[in-house]
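Worksheet for the structure shown next.
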Amino acid sequence: MKFVYDFHEGNKDLKDLLGGKGANLAEMTNLGLPVPPGFTITAEACKEFLKNGTQVDGLGTEIDEHLATLERDMGRRLGDANDPLLVSVRSGAKFSMPGMMETVLNVGLNDASVDGLSRQAGGNDRFAWDSYRRLIQMFGKTVCEVPGHEFEDALHEAKVAKGVKDDVQLDADDLRALVTAYKKVFVKHTGHEFPQDPREQLDLAIAAVFRSWNADRAVLYRRQERIPADLGTAVNVVAMVFGNLGSDSGTGVAFTRDPATGEQGVYGDYLSNAQGEDVVAGIRNTLSLADLERLDKKSYDELMQIMATLEGHYRDLCDIEFTIERGKLWMLQTRVGKRTAAAAFTIASQLVDEGVIDLDEALIRVSGAQLGQLMFPRFDLSGDPSPITRGVGASPGAAYGEVVFTAQRAVEVAAQGKQVILVRRETNPDDLPGMIAAQGILTSRGGKTSHAAVVARGMGKTCVCGADEMEVGQSSFTVGSHTVNEGDVVSIDGTTGRVYLGEVPVRPSEVVQYFEGDLDPAHANDPLVYAVHRIITHADEKRRLTVRTNADTGADAARARRFGAQGIGLCRTEHMFLGDRRELVERLILARTDAERDDALATLLPLQRADFLDIFREMNGLPVTVRLIDPPLHEFLPSLEELAVKVAVAHEHGQRVEHDEQMLAAVRRMHEQNPMLGLRGVRLGLVIPGLFAMQVRAIAEAAAALAAEGGKPRPEIMVPLVGAVQELETVRAEAEKIIAEVLGSSGSAGGSDSPGSSAVEILIGTMIEVPRAALTAGQIAEAAEFFSFGTNDLTQMGWGFSRDDVEGAFFWRYLELGIFGISPFESIDTDGVGRLVRIATEEGRAARPGLKLGVCGEHGGDPDSVHFFHEVGLDYVSCSPFRVPIARLEAGRAAVESEGSDHR
Ligand code: ADP
Ligand code: MG
Ligand code: MG
């Protein structure tokens, strides 16, 4: 196997092998852009390395060969004492993992070649020693795990001793002394001298990049982002170019469009006389590209031209890293850039207008998760709160919470169920757990390209960075006359960058207002709203899945309809038995005679009828699936312990409490060890005579009433927890009789042609949520006009997981071990539970062509699951009202994607 590729040999489509960075460096090389020469060691080599623990056969020889070519190209030898070639060793996986993997610059420098480097740079000692101290720092930290702060402290001391603020103010002698200090730190922590052999430096650095694939924080990030754990990382070895050669040199990052808003026009940060990550780390305040234009017009013009080339080539927003060495521009990285949700929609829509992509592609380039982010609430500023400071709005959203100053505190306080805002001077990869735990992130340094900004955008977390008026201390920050201590509440606006004291109220986002149909006129021409509108409209045209909602009240139904729901896939009837109706249910359960029970049911009937009529009216003309009562009966009764104590206390006092005693007996009778597997669903309906009958009658009467008003009710009666066709047949026989009776007497039975009465059709079907039902779907379909997959219970019973217990108890461990990448309750387990869905779909349809199939679990609004349901061939998904737009979008994407794969 070939393990090493020259930049001339690769291209952008080889990301699996060369990683994103390597593939794009090759692409830019082939486009003729100024990329320093170099080569990429493949991710395959990394996988081999991690498998064996060391040494990959043949890799050393291949590196020798490519290094020799590089040395020939550059006319210099690695680490040569008189005229050294220096290289960077850079990680680069298939998916970009900001800050996760490490880079070492200036490899090849040692006590001898540092003088050679100085001569190369025309006697620039300062530059040479600066480069050397950076090598020891980066090498120490990433290759040998020396605590980074030790180097930072030494640098800080050097600046304090000299009485200066910036590292650029340190001269050659200061830096030479710093190298001595760094070497001491190095020996102290590693027990050996800093390696002087350039080739040894290179090999150690390569091995460190390989190993960093499995560093804790890389593992954590992959889990967060659902990146597979077995890809490995490529390693890029690149000839160094120098941005730290003086004021005519520098380094920067840029975007071809604004990654926060999507606004057209380049955006970037530049630092002169700097190297590598100085810009991203927010060490000094950066300059803008406009400043660069003034400083170095020629490089600026070339940069603009290259950015245009890259955008045209990749047909999308690109981000780039560049360095200027004495007025010569070098490209060090590019990729299709990360962006906020708003920018994703806006840019996709702009590119359609620019004729670069069509609407299908625009749809593919956005996601339901992004749309979900745009539906987050915004701050309501009508109370005119005044910000205490402002930074860069780096990742949008409105977040408030208690201020914490360390990642660890963020995790602790969040674990108490509180919202926290993580405040840091700047973040680094070690802060990741705290960033995940926090509601939002606030930093005093760095711009839109800082670690905090990039990671927060990736996670969809609100982030304000570079609020440089803030002085961040150990357990408080000050800004102007304000001191904010740990535990105080602040609100941060990730769009405007404003920071407020206390909790600012929030209001619905423009996108939600658009869906609600009451958009504030000020936003009617908002490019984002327009982009969402045209892309979701296109999704609606493309999608094959219908999207319904889960709603139990008229109000929810109405809202979901505005969000585009095409019916109700799950109307739960349980809550209709709570509140002041509890007492009726108690009567029902405690009834000693048929008469008592019938009386309780008769009282419930008109209440249920009114519930259904309300919902049918809101969904006039659209299907409404009503699920007959599902949960275990004991949920309606008081707790066993409380009641037992109450009765015992009464007895102590010699009192008789007849009602409580009866109730206690009933609760005891109904107590279950495993209620989720007990007397619920259809089982309950078969045990309590008249209960389902009352509900069916209420549904039929409500339908008849709406039809009489001239409406078009389309009820579907759904029987829960069926495992055997006999259960369904029994319920069905009774239900059909009641329906015929009600509709017959009201003159609206199906097929009736009596004038003035529209035909009402009521379907009867079942949930498929017990594995046995899925496996006997062919039989069950004989008695069902529709199936609705209850994927929550199907997952619960398919895996044997008690949902309420397992998620908190041990799912973290399962996720950690990679037994699954995401909770199967969040995204459907396509292999196992999904297989049950597939079997039931195929066998159900074979038994009854035209069987209607849908899903009503929480999975109905999960993007990945929606794609799966499309592929399996369901007719609809149903989800909570706020997820309806997300499901519409994803169903459209699934349709476009499968068209694409059909064409292949
Ligand atoms: P990351 O994946 O964190 O972006 P990179 O590998 O891109 O890490 O390297 C970090 C920094 O070092 C970048 O700012 C990059 O521009 C700079 N850098 C990397 N290689 C070179 C090189 N050969 N010459 C000069 N600067 C380099
Ligand atoms: Mg890095
Ligand atoms: Mg980079």
Side-chain angles (χ1 to χ4, degrees), residues 550-556 570-615 625-647 657-702 715 717-722 727 730-731 734-735 738 742 767 790 793 804:
N550 299 350
D552 313 340
T553 64
D556 274 358
L570 176 63
C571 169
R572 297 180 175 89
T573 55
E574 290 83 69
H575 81 102
M576 302 171 183
F577 291 80
L578 297 177
D580 32 347
R581 300 181 191 176
R582 226 174 222 285
E583 186 250 336
L584 284 169
V585 179
E586 287 181 10
R587 268 170 53 195
L588 181 69
I589 296 170
L590 299 179
R592 271 167 307 197
T593 63
D594 289 356
E596 276 179 23
R597 191 185 54 234
D598 291 348
D599 183 55
L601 287 169
T603 322
L604 279 164
L605 177 69
L607 301 172
Q608 282 263 273
R609 186 170 54 223
D611 296 332
F612 295 137
L613 183 54
D614 193 20
I615 292 167
T625 306
V626 180
R627 180 175 71 184
L628 301 181
I629 188 164
D630 184 34
L633 257 201
H634 76 259
E635 282 193 8
F636 297 103
L637 297 174
S639 98
L640 179 63
E641 288 79 11
E642 273 172 35
L643 207 54
V645 170
K646 198 171 162 200
V647 170
V657 275
E658 205 186 326
H659 178 77
D660 287 343
E661 285 165 20
Q662 275 177 18
M663 187 75 87
L664 180 60
V667 173
R668 285 226 167 92
R669 205 166 55 237
M670 279 168 212
H671 181 75
E672 292 174 316
Q673 292 297 334
N674 293 305
M676 293 312 279
L677 301 177
L679 181 62
R680 50 181 282 229
V682 66
R683 306 162 191 174
L684 190 66
L686 295 176
V687 166
I688 306 236
L691 179 58
F692 276 9
M694 179 276 290
Q695 290 199 294
V696 169
R697 184 175 297 277
I699 292 166
E701 288 180 1
I717 295 174
M718 179 156 77
V719 185
L721 222 72
V722 164
E727 292 170 313
T730 310
V731 174
E734 186 183 26
I738 296 167
V742 173
M767 304 269 290
D793 262 307
D804 294 335

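Everything numeric in this text was worked out from a predicted model, so none of it was measured.
By the 4.5 Å heavy-atom criterion applied to side chains, Asp599 and Arg587 are counted as neighbours. A heavy-atom distance below 4.5 Å is found between the side chains of Leu607 and Arg581. In this structure, Thr553 and Asp614 have side chains that are not in contact, with every pair of non-hydrogen atoms separated by 4.5 Å or more. With contacts defined as side-chain heavy-atom distances shorter than 4.5 Å, the pair Leu643/Met663 qualifies. When side chains are defined from C-beta on, Leu640 counts as touching Leu664, because their heavy atoms get closer than 4.5 Å. Side chains of Arg597 and Leu588 form a contact here, defined as non-hydrogen atoms less than 4.5 Å apart. For the pair Glu727 and Leu686, the minimum side-chain heavy-atom distance is below 4.5 Å. The shortest distance between side-chain heavy atoms of Met767 and Leu721 does not fall below 4.5 Å.
Checked options Val719, Leu628, Val687; the residue passing with Val682 is Val719 (criterion: side chain to side chain contact (heavy atoms under 4.5 Å, CB included)).
Other residues, nucleotides and ligands place no more than 12 heavy atoms under 6.0 Å from the CD atom of Glu642.
For residues 674-697, the set of pairs meeting the side chain to side chain donor-acceptor pair (under 3.5 Å) definition, not counting sequence neighbours, comprises Thr573-Gln695, Gln608-Gln695, Asp630-Arg680, Arg680-Asp793, Arg697-Glu741.
For Glu661, the side-chain hydrogen bond (donor to acceptor under 3.5 Å, both in side chains) partners at least two apart in sequence or on another chain are His651, Arg656.
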Assess whether side chain to side chain contact (heavy atoms under 4.5 Å, CB included) is satisfied between Leu679 and Leu684, documenting all intermediate values. CA-CA 6 Å; Leu679 181 62; Leu684 190 66; 3.8 Å; yes
Report the C-alpha distance between Met576 and Leu604 in whole Å, list the side-chain angles of each, state the deciding distance to 0.1 Å, and finish with yes or no for side chain to side chain contact (heavy atoms under 4.5 Å, CB included). CA-CA 9 Å; Met576 302 171 183; Leu604 279 164; over 6 Å; no
